[in-house]
There are 2 protein chains.
Amino acid sequence: MKKRSYNCGLDAAVDVVGGKWKALILWALHREPLRFGELKRAISGISEKMLIQQLREMETYGLVHREVYHQVPPKVEYSLTEFGDSLNTALLPLGEWGEKHMETIEAIPRD
Amino acid sequence: MKKRSYNCGLDAAVDVVGGKWKALILWALHREPLRFGELKRAISGISEKMLIQQLREMETYGLVHREVYHQVPPKVEYSLTEFGDSLNTALLPLGEWGEKHMETIEAIPRD
DNA sequence: TCAGGTACTGACCTTTTTGTAAGTGTGGGG
DNA sequence: CCCCACACTTACAAAAAGGTCAGTACCTGA
């Protein structure tokens with residue numbers, strides 16, 4: 001997040017969900033709350049550092065809720081708030097678009 | 001665009017529309033084709049370099065069409081392809097979400 | 001005593017993205 | 001003859017994002 005004012009809602013939304021991982025995390029939490037380790041395993045390729053960093057940001061955005069269980073070994077569960085859920089819903093058509101055009105997108109030459 | 005394979009459609013879509021400017025450009029072209037200079041004026045804050053860079057990428061993605069008129073001074077018009085238009089449509093709910101929650105988003109503390 | 005699982009944290013570095021500023025080519029108008 | 005509009009292009013620099021890897025604290029069971 002870098003800006004303070006936006007030209008349009010899309011601008012603002014992309015700012016919130018932008019980056020490499022946030023959409024994936026949102027998606028992973030859509031079905032059910034997950035623990036840190038579970039999330040890590042669910043999202044292939046993400047490092048612990050990025051996962052926490054993104055989760056923390058999304059927490060401050062009010063998109064996810066962090067629930068700590070005082071146990072040993074520790075257990076922390078992440079879940080979507082209503083706000084996060086509404087964003088996920090708004091992202092559905094985009095996800096479908098991506099799904100539908102996946103092959104085209106993958107075929108785009110890079111560099 | 002960096003990846004070749006995606007976990008889900010959302011992942012792929014965010015890759016296509018990611019970055020600071022693409023969504024804005026898509027949006028600006030939604031109403032009507034625009035010339036380079038018009039786009040530049042329409043999207044406040046964008047530099048010429050970024051504008052062209054993004055336009056070129058979006059052209060290779062097949063999202064926008066570039067039409068050159070051989071005149072002096074030169075005239076180049078950019079418009080959305082059907083593909084670009086379909087992406088724009090898929091982005092509408094996200095734009096509405098951003099619009100609706102704009103104040104919340106702007107109020108999020110940064111750094 | 002000691003390794004192991006869990007959820008982080010921090011230092012450091014590389015890559016990617018974005019920005020700034022100046023320069024290019026063309027023909028028409030002053 | 002010079003300057004302007006327009007659509008770029010290039011070199012360089014700064015900033016943001018992402019990645020690696022080692023280390024912390026806690027209790028538990030072997």
Side-chain angles (χ1 to χ4, degrees), chain A residues 1-4 6-7 11 14-25 28-29 33-61 64-79 108-111, chain B residues 1-4 6-7 11 14-25 28-29 33-61 64-79 108-111:
Chain A
M1 303 270 300
K2 340 81 196 182
K3 287 172 282 179
R4 283 107 209 294
Y6 303 97
N7 308 340
D11 194 7
V14 166
D15 212 15
V16 168
V17 86
K20 192 168 171 181
W21 303 110
K22 296 215 185 69
L24 258 39
I25 294 173
L29 292 177
L34 292 175
R35 303 178 55 174
F36 181 82
E38 290 172 329
L39 264 174
K40 193 185 141 185
R41 281 185 292 276
I43 302 174
S44 85
I46 196 168
S47 67
E48 299 192 339
K49 178 195 148 189
M50 286 316 289
L51 182 52
I52 296 214
Q53 196 172 295
Q54 303 300 303
L55 283 170
R56 293 259 191 270
E57 270 189 60
M58 293 167 80
E59 210 190 330
T60 74
Y61 298 179
V64 309
H65 171 71
R66 179 166 178 271
E67 185 79 36
V68 180
Y69 296 84
H70 292 288
Q71 307 175 349
V72 171
K75 169 176 175 181
V76 180
E77 226 175 43
Y78 294 90
S79 55
I108 293 171
R110 303 118 216 290
D111 303 331
Chain B
M1 304 269 302
K2 338 83 191 177
K3 288 172 279 179
R4 284 106 209 295
Y6 304 96
N7 308 340
D11 194 6
V14 165
D15 211 14
V16 168
V17 86
K20 193 168 172 182
W21 303 111
K22 296 215 185 68
L24 259 38
I25 295 173
L29 292 177
L34 291 175
R35 304 179 55 171
F36 181 83
E38 291 173 327
L39 264 175
K40 193 185 140 184
R41 281 185 291 277
I43 302 173
S44 86
I46 195 168
S47 67
E48 299 191 340
K49 179 196 146 185
M50 286 316 288
L51 182 53
I52 295 215
Q53 197 171 293
Q54 302 302 301
L55 282 170
R56 294 259 190 269
E57 269 189 61
M58 293 167 80
E59 209 190 331
T60 74
Y61 297 179
V64 309
H65 171 72
R66 178 166 179 271
E67 185 80 36
V68 180
Y69 296 83
H70 292 288
Q71 307 174 352
V72 171
K75 169 175 175 182
V76 181
E77 225 175 45
Y78 293 91
S79 56
I108 295 171
R110 302 121 216 289
D111 306 328

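Below, chain A is the first sequence line, B the second, and so on; all start at residue 1.
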Find the distance [X]:[atom1] to [N]:[atom2] and express it as a whole number of Å.
X       : N      : atom1 : atom2 : answer
B:Glu38 : D:dC8  : CD    : C1'   : 16 Å
A:Leu24 : D:dA17 : CG    : P     : 17 Å
B:Leu55 : D:dC8  : CG    : P     : 8 Å
B:Lys49 : C:dT16 : NZ    : P     : 15 Å
A:Glu57 : D:dA16 : CD    : C1'   : 11 Å
B:Glu48 : C:dA22 : CD    : C1'   : 11 Å
B:Asp15 : D:dG18 : CG    : P     : 11 Å
A:Leu51 : C:dT9  : CG    : P     : 12 Å

| query | A:Tyr69 near the nucleic acid: base, sugar-phosphate alone, or nothing, with a heavy-atom cut-off under 4.0 Å? | reply |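 Touches nothing.
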| query | B:Gln53 near the nucleic acid: base, sugar-phosphate alone, or nothing, with a heavy-atom cut-off under 4.0 Å? | reply |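 If one applies the 4.0 Å heavy-atom cut-off, B:Gln53 turns out to touch a base.
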| query | Atom CD of B:Glu48 and atom CD of B:Gln53: how far apart are they, to the nearest 0.5 Å? | reply |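 One finds 13.0 Å between CD of B:Glu48 and CD of B:Gln53.
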| said: On DNA chain D, compare the nucleotides closest to B:Arg56 and A:Pro74; which residue's is nearer the 5' end? | reply: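 Result: B:Arg56.
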| field | Of A:Met50 and A:Val72, the one whose closest DNA chain D nucleotide lies more 5' | value |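 Residue closer to the 5' terminus by nearest nucleotide: A:Met50.
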| What nucleotide among D:dT20, D:dC8, C:dG19 has an atom nearest to a side-chain atom of B:Ile52? |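 Given the options D:dT20, D:dC8, C:dG19, the side chain of B:Ile52 is closest to D:dC8.
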Do you know the tightest heavy-atom contact between [X] and [Y]?
X       : Y       : result
B:Val64 : B:Leu55 : CG2-O, 3.9 Å
A:Leu39 : A:Ala28 : CD2-CB, 3.9 Å
A:Leu29 : A:Tyr78 : CD2-O, 3.4 Å

| said: Would you say A:Arg35 places a side-chain N or O within less than 4.0 Å of OP1 or OP2 belonging to C:dA7? | reply: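 True: A:Arg35 side-chain N/O within range (under 4.0 Å) of C:dA7 OP1/OP2.
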| Just to confirm, is there a sub-4.0 Å distance from OP1 or OP2 of C:dC8 to any side-chain nitrogen or oxygen of A:Arg66? |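 Checking A:Arg66 against C:dC8: at least one side-chain N or O falls below 4.0 Å of OP1 or OP2.
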| request: Answer yes or no: is there an ion pair linking A:Lys22 with A:Glu57, defined by an N-O contact shorter than 4.0 Å? | output: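 Here A:Lys22 pairs with A:Glu57 in a salt bridge, since their nearest N and O are under 4.0 Å apart.
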